[in-house]
Asker: 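Could you have a look at this structure, given as structure tokens, before my questions?
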Amino acid sequence: MTYKYFPHTEADVKQMLEASGLKSLDDLYGDVPQELRLGRDYDLPQSMSEVEVRRFFKQLAAKNSPLTCFAGAGVQDHYSPAVVSNIVERSEFLTSYTPYQAEISQGTLQYIFEYQSMMAELTGMEVSNASMYDGATATAEAMMMAVANAKKRRRVLVSATVNPAVLRVVETYASYHGVEVEMIAEEDGVTSRADFEAKVGRGDAAGVIVAAPNYYGILEDYTGWADACHASKALLIMNCNASALGVIKTPGEWGADIAVGDGQSLGIPMSCGGPYVGFMCTSKKLIRKMPGRIVGATTDLDGKRTFVLTLQAREQHIRREKATSNICSNESLMALYVTVYMSLMGKQGLREVNELGYGGAHYLADELCKTGKMQLAYPGKPFLNEFVMSTSLDVDALIKHCADKGVLAGVKVADGKLMLCVTEMRSKQEIDRLVQLVKEF
């Protein structure tokens, strides 16, 4: 055969064509107008040997210019123990798909169950689903949960301190479901309490979405927010940084109804934007409004512990118009990734990760202030490992200056405002290097 990885022989192809009543493979495209056909061979390179392929990709990779990362804004550079990828890349995990048949999917079902257990504990909530696409879509799905729970209310309040990328996804979902998104004003880097109380007090909101930490890295005080929401029969939804939940007050402690976010901070590499994993946790009373799947533990006929899919409120299993969501897949492989990560790190490991990020971030903020070229944009506001600096410098030019020197200096959030992020991956030498580059600019 010309192509040894194509499974069909010429005899196979001939037999299938005869069964289809066709004379050639070209006849399969007989309905495609001639003017829409390519009319020439594909512009593909010549075939290469394994050595040549390896050399090609090595030369391609050499064109990359890795930067020391001080950027955050939803994706952070965290350390991942080597054993995590080693376990995740095992063939029984890497090739598994939807565990419909419980009797042959116990391994997959068990790690999803463990993932759910860990996420429920991390968020302080009662129930977790079997993961979502990413943090942004999880937040949008939470909005739809709130609307479904409220039945006749179609308005959702969103804090202006929620990540703009998450907000755009929420607005996209809302535009196609007849949901009105109304913003709660920002006041000195945090959500305006007065604006929140005024708008939720109108009594026509299905839910309220806030962030912890917020987009600027600030830890907001949500004392009494859940009570205000519940008094108006609205749900409180918190978009959270998963890693930060190891040290900050959890959504459950705040009295939130739904906790969502991205699990990327739990050791998943930045990977040019994915794949990541969204999480969603909630209270038992909302379990049937939750999209996706839930894995539960039970016993088999022999009394042995076993795992099954206990809830699948999806359009594949019930009438489309009755479905909570049209999500058909979960990020199971990445859920395994963060499960292994959390198992290895434990509570103490997560605390240490955040302590290192906290210490590094505050050290960097102090040193940048000492340059005289920058100052904290929101002084006095508590932050963990992400913060915003105000400056009279040209932020775009500064970022380019640092990038030319091998440092990704952060994210521009507005003219004269630079947001920086420090995780456990950044050494004191790297932080000092960034400060020096700012001094030289």
Side-chain angles (χ1 to χ4, degrees), residues 76 78-88 90 93 96 99 105-135 138-139 141-142 212 238-254 256-269 275-284 286-287 290-298 305-311 330-355 357 423-424:
Q76 299 177 346
H78 284 281
Y79 170 72
S80 182
V83 69
V84 180
S85 58
N86 185 271
I87 292 175
V88 170
R90 289 178 63 91
F93 291 137
S96 298
S105 302
Q106 285 301 292
T108 300
L109 289 166
Q110 180 173 356
Y111 79 66
I112 292 176
F113 181 84
E114 302 296 351
Y115 161 83
Q116 293 172 178
S117 302
M118 292 180 188
M119 292 310 303
E121 183 174 356
L122 190 65
T123 59
M125 306 299 288
E126 295 175 315
V127 183
S128 168
N129 73 359
S131 80
M132 313 281 284
Y133 296 143
D134 56 27
T139 307
E141 292 286 346
M238 299 191 74
N239 177 284
C240 311
N241 176 299
S243 178
L245 292 177
V247 292
I248 68 174
K249 198 170 182 177
T250 67
E253 291 172 318
W254 286 119
D257 299 286
I258 307 172
V260 291
D262 206 298
Q264 184 274 328
S265 60
L266 297 174
I268 298 178
Y276 299 149
V277 56
F279 66 85
M280 174 181 281
C281 303
T282 186
S283 58
K284 288 182 179 178
L286 293 172
I287 191 170
M290 178 181 278
R293 307 181 182 93
I294 293 178
V295 172
T298 184
R305 190 181 190 222
T306 187
F307 302 92
V308 294
L309 286 173
T310 57
L311 182 67
N330 62 341
E331 291 288 332
S332 182
L333 186 66
M334 304 319 295
L336 171 63
Y337 198 107
V338 301
T339 301
V340 178
Y341 174 87
M342 287 189 286
S343 300
L344 289 166
M345 301 298 284
K347 294 180 180 179
Q348 183 59 31
L350 275 182
R351 175 170 290 278
E352 290 178 10
V353 162
N354 282 280
E355 286 175 348
T423 68
E424 75 283 4

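Counting begins at 1 with the first residue of the sequence. No experiment lies behind these values; they were computed from the predicted model shown.
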Asker: Looking at CG of L286 and CD1 of I258, how far apart are the two atoms once the value is rounded to the nearest 0.5 Å?
Answerer: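 Taking CG in L286 and CD1 in I258, the distance rounds to 5.5 Å.
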Asker: Are the side chains of P251 and C281 in touch, meaning some heavy atoms are under 4.5 Å apart?
Answerer: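 Sidechains of C281 and P251: no contact.
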Asker: Between S343 and M118, which heavy-atom pair has the shortest distance, and what is it?
Answerer: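 Nearest heavy atoms, S343 then M118: OG-CE, 3.0 Å.
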Asker: What distance do M125 atom CE and D257 atom CG have between them, rounded to the nearest 0.5 Å?
Answerer: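 Reported value, rounded in 0.5 Å steps: 6.5 Å.
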Asker: Nearest heavy-atom pair of Y115 and A335: which atoms, and what distance?
Answerer: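 Reported closest heavy-atom pair: CD1-O, 3.7 Å.
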Asker: Would you call the rings of Y111 and F93 parallel, tilted or perpendicular if under 30° counts as parallel and over 60° as perpendicular?
Answerer: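 Rings of Y111 and F93: perpendicular, over 60°.
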Asker: Are S243 and V353 close enough that some pair of their side-chain heavy atoms sits under 4.5 Å apart?
Answerer: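 In short, these two side chains touch, coming nearer than 4.5 Å.
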Asker: Any chance you could measure L309, atom CG, to T108, atom OG1, to the nearest 0.5 Å?
Answerer: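 Between L309 CG and T108 OG1, I get 10.0 Å after rounding to 0.5 Å.
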Asker: Surrounding NZ of K249 (heavy atoms of other residues, nucleotides or ligands, distance under 6.0 Å), is the total greater than 12?
Answerer: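 More than 12 heavy atoms, drawn from other residues, nucleotides or ligands, come within 6.0 Å of this atom.
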Asker: Provide the closest heavy-atom pair for M280 versus A138 in the form atom of the first, atom of the second, distance.
Answerer: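 Of all heavy-atom pairs spanning M280 and A138, the closest is CE-O, 3.5 Å.
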Asker: Would you say the side-chain atoms of S265 pair up with the backbone N or O of N241, donor to acceptor, closer than 3.5 Å?
Answerer: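 Pair absent, no side-chain N/O of S265 close to backbone of N241.
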Asker: Would you say the side-chain atoms of T310 pair up with the backbone N or O of I294, donor to acceptor, closer than 3.5 Å?
Answerer: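 Yes, the answer is positive, given that a donor and an acceptor are paired below the 3.5 Å cut-off.
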Asker: Is any side-chain heavy atom of Y341 closer than 4.5 Å to one of L350?
Answerer: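 Of all side-chain heavy-atom pairs linking Y341 with L350, at least one is under 4.5 Å.
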Asker: Once you round to the nearest 0.5 Å, how far does CD1 of I112 lie from CG of N129?
Answerer: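 Atom-to-atom, I112:CD1 and N129:CG are 10.0 Å apart.
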Asker: State, to 0.1 Å, how close M342 and L122 come at their nearest heavy-atom pair, and which atoms those are.
Answerer: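 Heavy-atom minimum between the residues: SD-CD2, 4.2 Å.
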Asker: I need the F279 CZ to D262 CG distance, nearest 0.5 Å.
Answerer: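 The CG atom of D262 is 8.0 Å from CZ of F279, to the nearest 0.5 Å.
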Asker: Report yes or no: does E331 contribute a side-chain atom to a donor-acceptor pair with the main-chain N or O of S131 at less than 3.5 Å?
Answerer: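 No: the side chain of E331 does not pair with the backbone of S131.
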Asker: Kindly give the heavy-atom pair with the smallest separation between M132 and P291, and that separation in Å.
Answerer: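 What the structure gives for the nearest pair is CE-CG, 3.7 Å.
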Asker: Under a 3.5 Å distance rule, please check whether Q106 uses its side chain to pair with a backbone N or O of T306 as donor and acceptor.
Answerer: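 Not confirmed, Q106 side chain does not pair with T306 backbone.
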Asker: Supply the atom-to-atom distance Q76 CD to L266 CG, rounded to the nearest 0.5 angstrom.
Answerer: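 These two atoms lie 10.5 Å from each other.
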Asker: At their closest point, which heavy atom of M334 faces which heavy atom of Y276, and how far apart are they?
Answerer: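 What the structure gives for the nearest pair is CG-O, 3.7 Å.
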Asker: Are side-chain heavy atoms of Q110 and E114 found at a separation under 4.5 Å?
Answerer: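 Sidechains of E114 and Q110: in contact.
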Asker: Using side-chain heavy atoms (C-beta onward) and a distance below 4.5 Å, is Q116 in contact with R293?
Answerer: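 Side chain of Q116 against side chain of R293, heavy atoms only: no contact under 4.5 Å found.
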Asker: Tell me yes or no: between the side chains of T423 and Y79, is some donor less than 3.5 Å from an acceptor?
Answerer: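 No, no side-chain donor-acceptor contact under 3.5 Å.
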